[in-house]
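These notes are about the structure you will find just below.
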2 protein chains.
Amino acid sequence: MTKINIKYLAEKLNMAPSTVSRALNDSYEISKATKEKVMALAKELNYQPNPYARSLRAHRSKTIGVIIPERINNFFAQVIDGIEEITQQYGYHLLVYNSHEDVEQEKKIISYLLGGRVDAIVMSVSSQTSSTEHLEQVLRQGIPIIFFDRIAQNIPTTKFITNDYQSGFDATMHLIQSGCRKIYFLLLSKEITIGKERLRGYLDAIKASNLPFLENWVIQCYQEEKKNLELIKSFLYPMDRPDGILSSVEKLAISAYHAIKQTKLRIPEDIKLITFSNLKIADLMNPPLSTISQPAYEIGRECAKLLMNNLNKSKQISIEDKVITIPSVIHVRSSSCS
Amino acid sequence: MTKINIKYLAEKLNMAPSTVSRALNDSYEISKATKEKVMALAKELNYQPNPYARSLRAHRSKTIGVIIPERINNFFAQVIDGIEEITQQYGYHLLVYNSHEDVEQEKKIISYLLGGRVDAIVMSVSSQTSSTEHLEQVLRQGIPIIFFDRIAQNIPTTKFITNDYQSGFDATMHLIQSGCRKIYFLLLSKEITIGKERLRGYLDAIKASNLPFLENWVIQCYQEEKKNLELIKSFLYPMDRPDGILSSVEKLAISAYHAIKQTKLRIPEDIKLITFSNLKIADLMNPPLSTISQPAYEIGRECAKLLMNNLNKSKQISIEDKVITIPSVIHVRSSSCS
DNA sequence: TTGTAAGCGTTATCAC
DNA sequence: GTGATAACGCTTACAA
């Protein structure tokens, strides 16, 4: 298999490589006749430009790095679909990494990307991420980085989130209106913004309703599903168990469902539940699961649009330090109804 | 931001670029003292090698292209997690593409990758893919390509599948043993192997049980969810509706659940259902969904291991033309029980 | 043990 | 309108 490159085409055509290159790039200084000849041969031999030679010269790779904390999750899958929808229109490629909610993994991924492998990064930080030194470094390298969902607040860049506070507030209010008086809040970590903000909404809703509250109603969960199952069961067994649960992350709601079934409690009769989630089959669950679902595709598309505009030298739209909020929609289903 | 490259390090250290390069690559011909000096400065300045310069020289990109027909699907997400688990140990990166079950899209993706952007491709073909000309071209370019789940049978390479025929057979037998006498089979396309093989298993099970069969019990569905919903409802309404459904793809089972609910039929009393699926919450559905689930992580890991071994020049394991079968597990749940 | 120089494939700059 | 040349950052013969 001979490698078909510009030099090879040039030889075949008795032209200089530079001419061929210009013809392929449809340069205005090349005659129509030449262009046609070049294009024809290129097509015939199925010439494909070497992306790495290009990247090396141009200092841009036409590649975006995407880092998510979890791959088996509809929300992140939808966001990536949204990103890809836009980026592919601009000929960009997606390097996708799963940090598995692990900061160390996240740091390693970031360090790979620092070498110029990607032109920009879109990410959702892991729930373990507290120090943001490794993220600051990305900016120092001059690589645009934007965040969505789980954002690094102190990094001066654009962040796309949903109305976490309001959704947390509304979901809690909904539970209260459904008759809950003792609502627990499940979260992965207080370190991350979505945890904090959704929690703040929850707390304010309880306060606004003049309901009692105890610190230990806020349950900090683990990464491991099994541990969470035990943790949740441990507070379901006692008589003074909660009558409502707001879960800030989908997978904790799933664990809660399992835990509740195992303790023979009934949803929603004994305990009501609502969760942040983009599960498509929430309505097919038993009972149908109430969700607060984010506009995931749109978040992905918006992230990508911003980057594409920024990377397009002619437009040179800068990436401002701001937070863009795209509201979620609460889907009330049986799991949270009285 | 000055770009920190080998030349820059060399200047700072009063050495030749080649020496720095060798030191960084821990070459045996460099003295320990030099190595240490170089490493120290590299670390201090946070030097990151330019991957594209490397790729250009080495003719390998340390990148694998992954093409899937659908991103919002646990099976594919798990496979990719499995691939990543292995490839990252070897310092490989994953370029992930969603073909959206569209051959044209698939061709476009392939053509991008032909330029040498990836060292190998792992893919599951779209259900529309009948001609495999674009896939053959990959091999002609000398790029290793391996398939999983939806394979291109006539391409001489290694393909990883599950025991599609047997699983189709067993699942159908299970429905028959649960009392079904009129089982419909849902598939995306007869073009693709998983459709064909699972169908063959289904047909043989019916034949082996001496049950009647009509051609129109095999339902070729669409890509669009809405159309499928109507299609399924159309055969559920009549009196002579099926009493069992075997779905060869997860999303068709979901549509079937919706359709059945809308027609007020009951699962499993009126109609029993089992599907190929890697849904993690099948047991939380209403009713719990019987599934044939593939060893997705393992498939991903095996794909990656084979490629890593093949790409490792020292081992130079060739990619044989063969089909490797990793069996699925049938999880019988209420949706298919009598 | 270290330095020199060439080349990977492309394109921008300068010349003709 | 087209050709020669250099350079992107890295590695590897070949020299020293």
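Just so you know, these numbers use all the heavy atoms, side chains as well, and skip hydrogens, waters and symmetry mates. Remember, it's a predicted structure, so these values are computed and weren't measured experimentally. Chain identifiers are assigned alphabetically (A, B, ...) following the order of the sequence lines, protein sequences preceding nucleic acid strands; residue numbering begins at 1 within each chain.
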inquiry  = Quick one: does any side-chain atom of Tyr97(A) pair with a main-chain N or O of Ile68(A) as donor and acceptor, under 3.5 Å?
reply    = no
query = Is the distance from OP1 or OP2 of dT2(C) to the nearest side-chain N or O of Arg22(B) less than 4.0 Å?
reply = no
query = Quick one: Leu56(A) CG to dT11(C) P, roughly how many Å, whole number?
reply = 12 Å
ask   = With sugar-phosphate meaning primed atoms plus P, OP1 and OP2, does Ser55(B) contact a base, only sugar-phosphate, or nothing at under 4.0 Å between heavy atoms?
value = nothing
task = Check the distance between dC8(C)'s P and Asn5(A)'s CG and give it to me in whole angstrom.
result = 8 Å
ask   = Tyr28(A) OH to dT2(D) C1': how many Å, rounded?
value = 13 Å
query = Tell me: NE2 of His59(B) to P of dG9(C), nearest whole Å?
reply = 5 Å
key: From dT10(C), dT2(D), dA5(C), nucleotide with atom closest to Arg57(A) side chain   = dT10(C)
task = Using a cut-off of strictly less than 4.0 Å, decide whether Tyr8(A) has a side-chain nitrogen or oxygen near OP1 or OP2 of dT10(C).
result = no
message = Please confirm whether the shortest side-chain N or O distance from Ser31(A) to OP1 or OP2 of dT2(D) is below 4.0 Å.
response = yes
remark   = Ile6(B) CD1 to dT4(C) C1', in whole Å, measures 15 Å
query = Any side-chain N or O of Asn50(A) less than 4.0 Å from the OP1 or OP2 oxygen of dC8(C)?
reply = no
inquiry  = Please pick, from dG9(C), dT4(C), dC10(D), the nucleotide with the shortest atom-to-atom distance to any side-chain atom of Pro49(B).
reply    = dC10(D)
Short side-chain N/O contact to dT11(C) OP1/OP2 from Tyr52(A), under 4.0 Å = no
request  = Nearest whole angstrom, please: distance from the P of dA12(C) to the CD1 of Ile30(A).
outcome  = 12 Å
message = Can a donor-acceptor pair be found, under 3.5 Å and without considering hydrogens, that links the side chain of Glu101(B) to the backbone of Ser127(B)?
response = yes
query = Closest nucleotide of DNA chain D for Thr19(B) versus for Ala53(B): which of these residues is on the 5' side?
reply = Ala53(B)
